[in-house]
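Here the structure is laid out as structure tokens; the discussion comes afterwards.
In listed order, ligands and their atoms are each counted from 1. Predicted model, so just to flag it, every value in this text is computed and none were measured.
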Amino acid sequence: MTAFDPRALRDAFGAFATGVTVVTSRTAEGAPIGFTANSFASVSLDPPLLLICLAKTSRNYANMTGAPAFAVNILAEDQKDVSNTFAKPVEDRFAAVEWRDGPAGSPVFPGAAAWFDCTAERIVDAGDHAILIGRVAGFENSGRNGLGYVRGGYFTPSLETKAQRAAADGETRVSAVVERDGEILLVPAGDGRFALPGAVLGNRDGLDALKADVRARTGIAMTGGYLFSVFEDRSGGFQTIVYRAGADEGAPRDGRFFPLDALPLDRLASPQTADILRRFVSERALGNFGVYFGNETAGRVHALAGKA
Ligand SMILES: Cc1cc2nc3c(=O)[nH]c(=O)nc-3n(C[C@H](O)[C@H](O)[C@H](O)COP(=O)(O)O)c2cc1C
């Protein structure tokens with residue numbers, strides 16, 4: 001038998017982009033239980049079957065595999081928090097979400113992109129997981145866009161399209177949280193303050209413009225690049241798009257790398273930058289990066305959706 005490095009295998013499996021679901025059921029005593037799963041697959045239309053894979057290490061393993069029914073809730077783009085709650089050892093996971101009983105008795109989330117309430121059809125033993133096959137007893141499809149997950153981070157396809165459209169509408173500033181070996185690149189912003197390296201977009205593509213301007217200013221070549229935050233600065237009347245990226249070797253010509261635990265949070269050009277860096281540090285610790293949409297002080301998706 002070939003023994004692979006489990007971490008490397010998991011990372012390679014993670015190249016497959018999926019949605020995110022919360023699988024729910026009830027204990028024999030009737031208490032609601034649930035956990036986050038991206039191992040969902042639709043299986044058959046006739047009869048209507050689906051599957052999810054459950055780790056044998058789950059605290060819910062006995063309850064889930066012993067239950068006569070379970071439901072699969074496909075999370076919507078604005079339900080990243082729900083995904084995180086159902087993946088962490090939270091006392092009452094169900095306090096984080098609006099839910100009700102589905103037709104077969106398991107908790108379903110009206111705010112989800114879709115849900116399927118199932119009776120347990122079959123359990124297949126599969127290594128360190130069990131495959132739970134469910135027969136759909138009822139479902140609802142809200143038409144909301146689903147939250148995405150790839151390589152350990154969430155993505156929000158339709159919100160990202162909206163951000164690009166909003167960017168085309170007005171002045172857009174792009175900047176990046178550039179991380180290399182646990183340190184973040186910041187550039188001087190006057191008065192002893194620091195800012196994220198950035199660019200004014202003009203008619204250029206966000207990430208290309210950013211990479212060109214960061215390289216011109218600091219000599220540092222950014223690598224990769226994922227959307228991290230999009231917000232509208234209502235005081236200044238512009239959109240800000242923040243990416244997260246890596247960096248090649250070399251010392252910056254302008255600016256410097258600060259360790260994650262020694263960021264100059266009290267010497268930044270704007271309070272939003274401090275918020276962005278705090279969020280980066282905490283999401284990096286969790287290994288789960290999300291995308292924030294809103295205005296500079298509050299909100300999530302709606303400020304931007306309203307504008308686009
Ligand atoms: C995006 C994402 C997808 C996950 N997919 C699965 C999965 O398919 N199967 C699984 O058993 N655990 C999966 N997990 C991990 C469980 O959600 C996590 O281990 C949870 O804490 C289990 O809780 P429990 O022990 O209370 O059941 C996933 C976690 C995340 C964040």
In order of chain and number, which residues sit within 4.0 Å of ligand 1 by heavy atom? Phe35, Thr36, Ala37, Asn38, Ser39, Cys53, Leu54, Ala55, Ser58, Arg59, Asn60, Phe86, Ala87, Arg93, Tyr149

Parallel, tilted or perpendicular: ring planes of Phe139 versus Phe116, cut at 30 and 60 degrees: parallel

Within 45° of the ring axis of Phe35 and under 6.0 Å from its six-membered ring centre, is that where the NZ or CZ of Arg59 lies? no

Pick one: which of Tyr154, Phe40, Phe289 meets ring pair (Phe, Tyr, Trp, His ring centres under 6.0 Å) with Tyr149? Tyr154

Which pairs, with at least one residue in residues 133-147 and sequence neighbours excluded, count as a salt bridge (Lys or Arg N to Asp or Glu O under 4.0 Å)? Arg100-Glu140, Glu121-Arg135

Note: Lys211-Asp208 ion pair, threshold 4.0 Å (strictly below): no

To the nearest 0.5 Å, tell me how far Thr21 OG1 sits from Phe109 CZ. 9.5 Å

